[in-house]
Enquirer: 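The structure follows.
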Amino acid sequence: MTAYIVRRLLYALPILVGVNLITFALFFVVNTPDDMARMQLGAKRVTPEAIEKWKAERGYDRPLLWNGSAAGAGKLTDTIFFQKSVRLFAFDFGNADDGRNIRHEIVSRMVPSLALAIPVFLIGIAVNVTFAMLMAFFRATYIDFWGVVLAVSMMSISTLFYIIGGQYLVSKVWSLVPISGYQPGLDSARFVLLPVLIGVVSGIGGGARWYRTVFLEEMGRDYVRTARAKGLAETAVLFRHVLKNAMIPILTGAVVVIPLLFMGSLLAESFFGIPGLGSYTIDAIQAQDFAVVRSMVFLGSFLYIVGLVLTDISYTLVDPRVRFE
Amino acid sequence: MSAPLLRVGGLSTWLDSGEAVVRALDDVGFEVGRGETFAIVGESGSGKSMTALSLLRLVPETGRIVAGSVDLDGVELLSLPEAAMRTVRGRRVSIIFQEPATSLNPVLTVGQQIGEVLARHRGLRGDASRTRAAELLHSVGIPDAERRLDDYPFQFSGGMKQRAMIAMAIAGEPDLLIADEPTTALDVTIQAQVLELLRTLQAERGMSMLLITHDLGIVAQMAHRVGVMYAGALVEIADRDAFFHAPQHPYSRKLFAALPDRTKRGGALAAIPGQVPPLTAPFPGCRFVDRCDMAAARCAKRVRDGRTPGALRCVGDGRKRVERRLAPAPRGAGPARALPDPQGRAQAGGRPRQGR
Ligand SMILES: Nc1ncnc2c1ncn2[C@@H]1O[C@H](COP(=O)(O)OP(=O)(O)OP(=O)(O)O)[C@@H](O)[C@H]1O
Ligand code: SF4
Ligand SMILES: [Mg+2]
């Protein structure tokens, strides 16, 4: 078991290296430092001197991979690849354009992101599983039919609509919670209430529909017929036999996104003015702050890989067939 | 003789396959006496499993029982409310399925799955349930039963899974055990052991058994009476010995004629030329007419036989003519080869009697 986890972690290393190389290629080879400088400086002020100055300020004036003019190890380390990309491995993200340390920024912004993302995640699973089980229990009846219709309609509505509609109704018309903003500490509950609600609601359509398929697939299996042939009531069949099996794909499917919860939600955070990592990323994209965007891309990929490893581990915990191997 | 335990009559089950209605069972009728083993044989798709599932009212969701009667000891099962039916399933009638690998719940231990029946039908819980479950596992021949209760199905071999299924099925002490091809998925040597186990359990408990198989060797070895199923209908019902000596229906005769050589694999039904007709439309006359060597013009007309529900014509009023045409067959090359030995044991189809 431990050996298995260690092996999984080792498998993840090459992937991480690959991600790093791709990030490097995207941000420094495809889109060269000169391009970055030109984009940031705007069309008018682009003189070769301005570009050189911009690059020098940010340490982009080094060669990409090999610094022939530096001495000793500097030939390798005094390069963009080493200074900007390799350092990502140590979560050394450098500074943003406004001069602030990116890692420091990330750490302090994680809290509001999680305050929003964790409740959405947990409540979302509970609500979706309940809704899906209801549809599966009443499968092929009107309840199931209208449930699916509802789920599909909810799925087809844009998240933006939920956000704006929710803000209008709950904050503006009913004045129940602030329309946007954030305060640290206990006070944060007031501010995340509406975003959490909207996060859950906007996820119901897709989630419940997917879980319903999982439930129905499980209900068609032979062991369910066996359970019925024992004389068990349909609720016992559903809760004791089907739920336990269906939770394997549902939980392991959910585990993969757990690390990504740290990244926050791009849309909700921007619209609700929550100073988390999602809004940080959006702002950086708008301001064309490449250092921040690059860091967030790397962080996101890293967390995704962590999610995949956790998924594998969760299989071994939930499924006796894997656990005993 | 006392009344039979199970009396099935006019049972018709239809399935909605999407584009057409499949008449999976058409007017099926038979009886199973107390302590008797009644075997149903037939090709794949003839409706054997559907018969078993219909008795328990567990047909797939796309299906429904459109007509018939299932009388268990004087109680009409088809008109019972669902809640009452649940006291029949697992308690009075239980079933073993063909695929032990998929029929057990992968994430519950074997002990939990047996315990469920004990809790539901015998009111046993906790230690009492555990002790009883271990006894049951032991009685189906699983060594070290007490410890194996905590194993998950995947830790059992195929034969042991089927034994565990049997333990579950007898846990409610049923009057009727339905075994739907209980050994098809198992190795030949394991097959013999499982059959032997079923026979012993049946004798000890005086259970009735409805044994579904496509293996004439198993029929010869296990059954008191036999029903032959073809395209959703029981076309012949006979005592075992009579059946092996002189099968009546042309389809039954073909089954024997088509048996492979003794040296070839088991007594499984061999392919008969031609195809099972589609079950999507009612049959105006005999459903076997396309493949029957003895078919006469009258076969296409609907003439029902009074004795064998569902059977048409062959043993009906056209019987004499057909009989005459069939007369040489039992002594001919076909069936004679497949007859059981004088002890009535498993020589049919060349399966040597296995076990001790
Ligand atoms: N879920 C289903 N939906 C539609 N048709 C079905 C379904 N299950 C079975 N059938 C059809 O019902 C008929 C009877 O099937 P059944 O499973 O009873 O055959 P069987 O005699 O048990 O065959 P086998 O020896 O392969 O188990 C077949 O024509 C089959 O195609
Ligand atoms: S009724 Fe006719 S076609 Fe059908 S089995 Fe008898 S002889 Fe053959
Ligand atoms: Mg079958």
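Note that the structure is predicted; figures quoted are calculated from it, not measured. Letters A, B, ... mirror the listed sequences (proteins, then strands); counts begin at 1. Below, each value reflects all heavy atoms present in this structure, side chains not excepted, and no hydrogens, waters or symmetry copies.
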Enquirer: Using a cut-off of under 4.5 Å for heavy-atom pairs, which of Ala83(B), Ser103(B), Ala101(B) has the most such pairs with chain A?
Expert: Ser103(B)
Enquirer: Checking heavy atoms, do the side chain of Arg221(A), its backbone, both or neither come under 4.5 Å from chain B?
Expert: neither
Enquirer: Mind checking whether Glu234(A) and Glu82(B) have side chains closer than 4.5 Å, heavy atoms only?
Expert: no
Enquirer: Is there side-chain contact between Asn105(B) and Asn245(A), with heavy atoms separated by less than 4.5 Å?
Expert: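 A side-chain contact exists here, since the closest heavy-atom pair is under 4.5 Å.
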Enquirer: Is it the case that atom CZ in Phe89(A) sees more than 12 heavy atoms from other parts of the structure closer than 6.0 Å?
Expert: yes
Enquirer: Using non-hydrogen atoms only, which part of Ile95(B) is less than 4.5 Å away from chain A: side chain, backbone, both, or neither?
Expert: side chain
Enquirer: Output yes when a side-chain donor or acceptor of Arg89(B) lies under 3.5 Å from a complementary backbone atom of Leu232(A), and no otherwise.
Expert: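 The answer is no, because no donor-acceptor pair under 3.5 Å joins these two groups.
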Enquirer: Check each atom of Ala233(A) against the heavy atoms of chain B and say whether the ones under 4.5 Å are side chain, backbone, both or neither.
Expert: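 Looking at Ala233(A), backbone and side chain both touch chain B.
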Enquirer: Which atoms of Thr102(B) come close to chain A, meaning under 4.5 Å heavy atom to heavy atom: side chain ones, backbone ones, both, or neither?
Expert: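 Interface part for Thr102(B): both.
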Enquirer: How would you list, by chain and number, every residue that makes a salt bridge (Lys or Arg N to Asp or Glu O under 4.0 Å) with Asp144(B), sequence neighbours excluded?
Expert: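 Residues passing salt bridge (Lys or Arg N to Asp or Glu O under 4.0 Å) with Asp144(B): Arg147(B).
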Enquirer: Kindly write out the residues that satisfy salt bridge (Lys or Arg N to Asp or Glu O under 4.0 Å) with Arg240(A), not counting sequence neighbours, or none if the list is empty.
Expert: Glu116(B)
Enquirer: Does any non-hydrogen side-chain atom of Phe97(B) lie less than 4.5 Å from one of Thr226(A)?
Expert: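 Sidechains of Phe97(B) and Thr226(A): in contact.
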Enquirer: Just wondering, are more than 12 heavy atoms of other shown residues or ligands nearer than 6.0 Å to CZ in Arg228(A)?
Expert: yes
Enquirer: Could you give me the CA-CA distance, side-chain angles and deciding distance for Ile248(A) and Val107(B), then say whether side chain to side chain contact (heavy atoms under 4.5 Å, CB included) is met?
Expert: CA-CA 10 Å; Ile248(A) 295 177; Val107(B) 301; 3.7 Å; yes
Enquirer: Quick one: of Gln113(B), Arg91(B), Glu99(B), Met165(B), who has the most non-hydrogen atom pairs under 4.5 Å with chain A?
Expert: Gln113(B)
Enquirer: What part of Met168(B) lies closer than 4.5 angstrom to a heavy atom of chain A: side chain, backbone, both or neither?
Expert: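 Side chain only.
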Enquirer: Could you state the interatomic distance from CZ (Arg225(A)) to OG (Ser49(B)), rounded to the nearest 0.5 Å?
Expert: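 So the gap between those two atoms works out to 7.5 Å.
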Enquirer: Can you check side chain to side chain contact (heavy atoms under 4.5 Å, CB included) on Lys230(A) and Arg120(B), steps first, answer last?
Expert: CA-CA 8 Å; Lys230(A) 288 174 173 177; Arg120(B) 172 81 181 84; over 6 Å; no
Enquirer: Using non-hydrogen atoms only, which part of Ile96(B) is less than 4.5 Å away from chain A: side chain, backbone, both, or neither?
Expert: neither
Enquirer: Please assess Glu61(B) against Met219(A) for the test side chain to side chain contact (heavy atoms under 4.5 Å, CB included), listing each intermediate value before the final yes or no.
Expert: CA-CA 11 Å; Glu61(B) 270 166 22; Met219(A) 288 174 101; 5.9 Å; no
Enquirer: Under 4.5 Å, counting heavy-atom pairs only, tell me which of Leu56(B), Ile178(B), Leu108(B) racks up the most with chain A.
Expert: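 Result: the option with the highest number of such pairs is Leu108(B).
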